[in-house]
Amino acid sequence: MRVAREVSFDVGTRMFEEGRRADRFWIVRTGTVALDLRVPGRRAAVVESLGHGELAGWSWHFPPYVWHLGAEAVSPVRAYEFDAEAVQAMCLRDAEFGRAIADWVGRVVAHRLHASRVRLLDLYAPYGSGSRL
């Protein structure tokens, strides 16, 4: 928390955009953040909503450090913002801390991948065309 700063986002504020440089992340304190995915020929599909205590942004942890999703505040959001380079440096200095962060971010990535798959099947696949495991 010593490298965190408190930030706020108004309704409709884009926190990050798919394809742009990922150099920070947030832990949501209050409010709701919608994660979305660009779909060619359609408007962006919301694949998950985040709330209190959840990580907004994991792309900072893996090269090439580019956002894989977009994010928008759907209600007023208060969050702790972390500079990715500072956290990466801390991970390099303290192997145990680095492993804990890698495990945490890895679990988030796995969850988001599953949630995105399920949501996209809900939106675009013919009924019964995919498993929801």
Side-chain angles (χ1 to χ4, degrees):
M1 290 303 293
R2 72 176 181 255
V3 298
R5 70 183 190 107
E6 292 185 34
V7 296
S8 298
F9 299 97
D10 293 328
V11 173
T13 302
R14 296 294 295 175
M15 294 171 64
F16 52 90
E17 293 287 345
E18 184 179 347
R20 294 201 180 149
R21 184 172 177 264
D23 61 356
R24 66 197 69 232
F25 63 95
W26 301 264
I27 297 175
V28 178
R29 294 177 55 216
T30 62
T32 304
V33 175
L35 298 177
D36 55 38
L37 177 67
R38 282 185 284 191
V39 179
R42 299 178 186 252
R43 68 174 210 244
V46 173
V47 294
E48 189 168 6
S49 293
L50 307 177
H52 174 74
E54 292 189 279
L55 173 66
W58 55 263
S59 301
W60 63 274
H61 193 65
F62 302 102
Y65 310 113
V66 173
W67 295 117
H68 292 265
L69 299 170
E72 183 172 312
V74 295
S75 70
V77 171
R78 292 177 46 205
Y80 293 116
E81 181 178 88
F82 295 83
D83 176 85
E85 285 186 20
V87 175
Q88 290 164 341
M90 292 169 67
C91 290
L92 290 174
R93 284 193 303 272
D94 182 340
E96 186 175 339
F97 177 73
R99 278 190 302 276
I101 293 293
D103 182 61
W104 174 53
V105 173
R107 288 174 190 266
V108 169
V109 171
H111 172 80
R112 301 264 163 84
L113 177 62
H114 177 73
S116 296
R117 179 180 182 277
V118 168
R119 180 66 176 138
L120 292 174
L121 283 173
D122 284 346
L123 290 172
Y124 304 115
Y127 179 77
S129 63
S131 168
R132 293 186 180 240
L133 295 178

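Hydrophobic clustering (ILVMFWY, side-chain heavy atoms < 4.5 Å, transitive): Val7 and Val33 are in one cluster. Residues Phe62 and Leu55 share a single hydrophobic cluster, defined by chaining ILVMFWY side chains whose heavy atoms lie under 4.5 Å apart.
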Practice prompt. Walk me through it: do Tyr80 and Glu6 pass the test side chain to side chain contact (heavy atoms under 4.5 Å, CB included)?
Written response: CA-CA 5 Å; Tyr80 293 116; Glu6 292 185 34; 3.7 Å; yes
Practice prompt. Start with the C-alpha distance between Leu50 and Leu35, add both sets of side-chain angles, then the distance that settles side chain to side chain contact (heavy atoms under 4.5 Å, CB included), and finish with yes or no.
Written response: CA-CA 8 Å; Leu50 307 177; Leu35 298 177; 3.9 Å; yes
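Listed by chain and residue number, Glu81 satisfy the side chain to side chain donor-acceptor pair (under 3.5 Å) test with Arg5 (two or more places apart in sequence, or in another chain). Arg99 meets the side chain to side chain donor-acceptor pair (under 3.5 Å) test with no other residue; sequence neighbours excluded.
Across Val77 and Val28, no two heavy atoms sit closer than the pair CG1-CG1, 4.4 Å.
Screening Phe25, Trp26, Phe9 against Phe16 for a ring-ring contact (aromatic ring centres under 6.0 Å, His included) leaves a single residue, Trp26.
No donor-acceptor pair under 3.5 Å is formed between the side chain of Ser75 and the backbone N or O of Gly31.
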Counting only pairs under 3.5 Å, give me each side-chain donor-acceptor contact of residues 86-97, with atom names and distances, residues two or more places apart or in other chains.
{"from": "Gln88", "atom 1": "NE2", "to": "Trp60", "atom 2": "O", "distance (Å)": "2.7"}
{"from": "Asp94", "atom 1": "OD1", "to": "Glu96", "atom 2": "N", "distance (Å)": "3.1"}
{"from": "Asp94", "atom 1": "OD1", "to": "Phe97", "atom 2": "N", "distance (Å)": "3.1"}

Side-chain donor-acceptor contacts of residues 65-73 below 3.5 Å, not counting sequence neighbours, with atom names and distances?
{"from": "Trp67", "atom 1": "NE1", "to": "Arg21", "atom 2": "O", "distance (Å)": "3.2"}
{"from": "Glu72", "atom 1": "OE1", "to": "Arg14", "atom 2": "NH1", "distance (Å)": "3.2"}

Mind listing the side-chain donor-acceptor pairs of residues 100-109 below 3.5 Å, one per line with the distance, residues two or more places apart or on another chain?
{"from": "Asp103", "atom 1": "OD1", "to": "Arg107", "atom 2": "NE", "distance (Å)": "3.4"}
{"from": "Asp103", "atom 1": "OD2", "to": "Arg107", "atom 2": "NE", "distance (Å)": "3.0"}

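Residues Asp23 and Glu85 fail the side-chain proximity criterion, which asks for heavy atoms closer than 4.5 Å.
For the side-chain hydrogen bond (donor to acceptor under 3.5 Å, both in side chains) condition, the pairs that include at least one residue of residues 47-59, sequence neighbours left out, are Glu48-His111, Glu48-Arg112.
Atom CD of Glu17 is separated from atom CZ of Arg38 by 7.5 Å, given to the nearest 0.5 angstrom.
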